[in-house]
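Notes for the one structure printed next.
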Amino acid sequence: MYMVYWTIIEETASSPHAQAFGTDEMVKAMGFMEDLRRRQREGEGVRFITMCSEHPDLVGHPGVDVTGADYNWKKRRR
């Protein structure tokens, strides 16, 4: 799944926005972002355009996890 985030700034107020895209819609999401950037180049108050993704079938939790006492990883060197 993809999310596109952007902010509209008008005079002294700003309003955040988001739009979701399916896992198979990366090209559509990038096209949407390019449209927002075009609007920004034309002088509209569109700012902070960004995209993030999250895989819906993720195994485990995102982020750093705690390892057990028996964890003994070493980098192999040749």
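What's counted below: heavy atoms across the whole structure, side chains too, no hydrogens, waters or symmetry copies.
A single hydrophobic cluster is not seen to contain both Val4 and Phe48; linkage of ILVMFWY side chains at heavy-atom distances under 4.5 Å, directly or through other members, places them apart. Residues Met26 and Ile49 share a single hydrophobic cluster, defined by chaining ILVMFWY side chains whose heavy atoms lie under 4.5 Å apart.
Pairs of residues two or more places apart, or lying in two chains, that qualify as side-chain hydrogen bond (donor to acceptor under 3.5 Å, both in side chains) and include a residue from residues 28-38 are Glu34-Arg41, Asp35-Arg38, Arg38-Glu42.
Every residue meeting the side chain to side chain donor-acceptor pair (under 3.5 Å) condition with Glu44, not counting sequence neighbours, appears here in chain and number order: Arg39. Ser15 meets the side-chain contact (heavy atoms from CB on, under 4.5 Å) test with Ile8, His17; sequence neighbours excluded. The side-chain contact (heavy atoms from CB on, under 4.5 Å) test applied to Ser14 returns Thr7, Ile9, not counting sequence neighbours. When the salt bridge (charged side-chain N to carboxylate O under 4.0 Å, His left out) test is applied to Glu54, no partner is found at least two apart in sequence or on another chain. Looking at residues two or more places apart in sequence or on another chain, you find a side-chain contact (heavy atoms from CB on, under 4.5 Å) between Ala18 and Met3, Tyr5.
The closest side-chain heavy-atom distance from Thr23 to Asp57 is not below 4.5 Å. Between Phe32 and Gln19 the shortest side-chain heavy-atom distance falls below 4.5 Å.
Across all their heavy atoms, Gln40 and Val46 have their closest contact at NE2-O, 3.0 Å. Residue Met33 comes nearest to Thr50 through the heavy atom pair CE-C, 4.1 Å, listed as atom of the first residue, atom of the second, then distance.
No side-chain donor-acceptor contact under 3.5 Å links Ser53 to the backbone of Tyr2.
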